[in-house]
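Here the structure is a predicted model, which means the values were calculated and not measured. Throughout, a chain's letter reflects where its sequence line sits, starting with A, and its residues are numbered from 1.
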There are 2 protein chains.
Amino acid sequence: MEPTDTRSRLVLAAMQLFWEKGYNSTSIADVLQTAKVNSGSLYHFFPGKSDLLAAVLDMYHDGIRQMLLQPAWAGVKDPIDKIFALLGRYRCPIGSLALELHEPDEPVRERLAKNFRAWIDAIDDCLQQAKVRLPAGVTRRELAQFVLTTMEGGVMQARTFRDVSYFDAGVRQLHHYINGLARAPTTSAIVKKRQLRQ
Amino acid sequence: MEPTDTRSRLVLAAMQLFWEKGYNSTSIADVLQTAKVNSGSLYHFFPGKSDLLAAVLDMYHDGIRQMLLQPAWAGVKDPIDKIFALLGRYRCPIGSLALELHEPDEPVRERLAKNFRAWIDAIDDCLQQAKVRLPAGVTRRELAQFVLTTMEGGVMQARTFRDVSYFDAGVRQLHHYINGLARAPTTSAIVKKRQLRQ
DNA sequence: GTCTATACCCTGATAGAC
DNA sequence: GTCTATCAGGGTATAGAC
């Protein structure tokens with residue numbers, strides 16, 4: 001398993017192409033050409049195209065911490081800020097794939113869901129850390145899902161209008177919402193005082 | 001132009017199939033079979049498949065008031081309630097198409113945007129009617145966009161998780177957000193009093 | 001405007017030698 | 001594990017008589 005063995009080259013090429021052109025518009029031939037691999041080799045590793053997609057989704061999932069969260073959160077302490085650091089940097093690449101596939105086969109669908117869940121978990125963690133600043137009535141998990149909803153919906157609108165500001169506007173609204181919910185970052189001592197006051 | 005002329009049958013069949021199976025997974029042959037039309041006739045009316053899609057999108061756009069807004073708003077007076085009546089009933093059929101097409105040609109993209117804009121306009125109208133109940137700082141248009149963002153993002157998540165409750169959860173969060181912004185429905189007299197008080 | 005037949009291409013996938 | 005050559009099928013679109 002060298003850094004550029006055949007299988008890896010295939011998955012990497014597929015990842016890139018699926019991202020750039022979408023799944024349907026990427027042909028096996030495209031992947032072979034980009035990866036500089038021959039047809040026979042691809043089918044040695046993968047039974048078919050959708051298995052290649054599954055491998056790509058696995059790679060996304062496995063890399064989420066190291067490749068996405070860590071760099072986005074470098075130097076960011078406040079958990080709420082972390083959420084928006086994430087939104088500021090990424091437009092969840094999985095989302096485009098998720099809707100492009102109208103009825104994905106089960107292995108693929110599972111992996112899409114697994115990726116979504118990983119994003120929601122990451123945001124949920126942030127909210128958990130900001131727990132004391134959130135009012136009691138807030139369903140944390142649901143709010144975490146809502147962050148992802150905003151991200152996905154924003155991506156879709158931005159793409160259709162060919163204008164990223166639609167994405168930004170969605171994030172701004174979400175920020176407004178969460179700011180309205182959460183108290184400003186404070187030390188736990190101050191928070192406790194506030195809680196007592198209510 | 002009878003009610004079931006060839007062209008209409010084609011557009012209607014395409015609309016139905018694009019909705020059920022998606023655009024890519026619907027073949028021309030599928031459309032022909034459903035519409036009970038022959039290949040030659042289709043190409044007499046439409047240069048190609050994407051032109052058929054454009055016609056479908058036009059039909060969606062032209063029907064938005066009569067077929068979507070009117071039935072959803074029957075008996076609903078409060079403008080904020082109208083927004084959620086819409087969300088309660090529809091899952092914006094255009095959204096699925098919008099992301100399925102990774103890079104739609106310009107005529108199609110324009111029509112997708114036009115449809116989105118029509119939805120945003122409808123929601124914007126509601127917000128406009130509820131204007132006095134919204135705080136001054138709210139960017140109305142952006143909030144209207146955000147409603148659509150929630151809708152689209154919710155559709156995507158619900159589909160991936162194969163669970164509509166993800167959509168419902170998004171709507172609930174949005175409701176929570178807007179409730180936090182808007183004052184309760186009141187007569188204009190009371191509203192005026194409140195405004196004076198501030 | 002409608003019909004049948006069909007061209008033509010690109011797709012995913014396979015065969016089988018090396 | 002890798003290579004070349006190739007298949008079978010379905011896709012969009014066309015031809016040309018009626």
Side-chain angles (χ1 to χ4, degrees), chain A residues 1-58 97 100-109 111, chain B residues 1-57 59 97 100-109 111:
Chain A
M1 278 281 194
E2 309 154 40
T4 55
D5 67 356
T6 307
R7 206 197 118 102
S8 305
R9 284 214 311 284
L10 284 167
V11 178
L12 248 20
M15 183 185 275
Q16 182 197 336
L17 290 168
F18 291 166
W19 167 247
E20 286 172 9
K21 322 186 1 170
Y23 177 74
N24 289 309
S25 306
T26 299
S27 70
I28 298 275
D30 291 334
V31 176
L32 295 175
Q33 198 178 354
T34 303
K36 294 189 173 61
V37 165
N38 298 298
S39 169
S41 298
L42 187 152
Y43 286 100
H44 171 71
F45 291 107
F46 303 99
K49 189 183 177 186
S50 83
D51 303 274
L52 185 56
L53 173 58
V56 168
L57 293 174
D58 281 339
L97 283 171
E100 184 184 349
L101 283 9
H102 199 265
E103 278 184 352
D105 55 18
E106 197 49 25
V108 165
R109 209 213 96 250
R111 283 168 173 85
Chain B
M1 279 279 193
E2 310 153 37
T4 56
D5 67 358
T6 306
R7 205 196 119 100
S8 305
R9 284 214 311 286
L10 285 167
V11 178
L12 247 20
M15 182 185 275
Q16 182 196 337
L17 290 168
F18 292 166
W19 166 246
E20 285 172 11
K21 324 186 1 170
Y23 177 75
N24 288 310
S25 306
T26 299
S27 70
I28 298 274
D30 290 335
V31 177
L32 295 176
Q33 199 177 355
T34 304
K36 294 189 173 62
V37 166
N38 298 301
S39 170
S41 298
L42 188 150
Y43 287 99
H44 170 72
F45 291 107
F46 304 100
K49 190 181 175 184
S50 82
D51 304 274
L52 184 55
L53 174 58
V56 168
L57 293 174
M59 178 163 268
L97 283 171
E100 186 185 347
L101 284 8
H102 199 268
E103 278 184 354
D105 54 19
E106 197 49 25
V108 166
R109 210 213 94 252
R111 283 168 173 85

Subject >> Side chain proximity check, B/Val11 to B/Phe45, heavy atoms < 4.5 angstrom >> reply: no
Original post:
Are B/Tyr23 and A/His102 close enough that some pair of their side-chain heavy atoms sits under 4.5 Å apart?
Top reply: no
With respect to the side chain of [X], which nucleotide from [options] is positioned closest?
X       : options               : value
B/Tyr43 : C/dT2, D/dT12, C/dA13 : D/dT12
A/His44 : D/dG1, C/dT11, C/dT14 : D/dG1
B/Ser27 : D/dG11, D/dC3, C/dG12 : D/dG11
B/Asn38 : C/dT4, D/dC3, D/dA13  : C/dT4
B/Phe45 : D/dT12, C/dG1, D/dT2  : C/dG1

Using whole Å, what does the distance between atom [atom2] of nucleotide [N] and atom [atom1] of [X] come to?
X        : N      : atom1 : atom2 : result
A/Gln33  : D/dC3  : CD    : P     : 15 Å
A/Ile28  : D/dC7  : CD1   : P     : 19 Å
B/Asp105 : D/dT12 : CG    : C1'   : 15 Å
B/Asp51  : D/dT14 : CG    : P     : 11 Å
B/Leu32  : C/dA5  : CG    : P     : 15 Å
B/Asn24  : D/dG10 : CG    : C1'   : 14 Å
A/Leu10  : D/dC3  : CG    : P     : 11 Å

**OP:** Indicate, yes or no, whether a donor-acceptor pair under 3.5 Å links the base of C/dT14 to the side chain of A/Ser39.
**Re:** yes
Subject >> Neighbour count >12 (heavy atoms, 6.0 Å) for atom CD, A/Glu20 >> reply: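 Atom CD in A/Glu20 is packed in, count exceeds 12.
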**OP:** Assign each of B/Gly40 and A/Gly40 to its nearest nucleotide of DNA chain C by heavy atoms, then name whichever residue's nucleotide is nearer the 5' end.
**Re:** B/Gly40
Original post:
If you measure from NZ on B/Lys21 to CD on B/Glu100, what distance do you get to the nearest 0.5 Å?
Top reply: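 The CD atom of B/Glu100 is 11.5 Å from NZ of B/Lys21, to the nearest 0.5 Å.
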Original post:
Contact class for A/Thr26 vs. all strands (heavy atom < 4.0 Å): base, sugar-phosphate, or nothing?
Top reply: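 If one applies the 4.0 Å heavy-atom cut-off, A/Thr26 turns out to touch the sugar-phosphate alone, with no base involved.
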Original post:
Do the side chain of B/Lys36 and the main chain of B/Arg9 share a donor and acceptor less than 3.5 angstrom apart?
Top reply: no
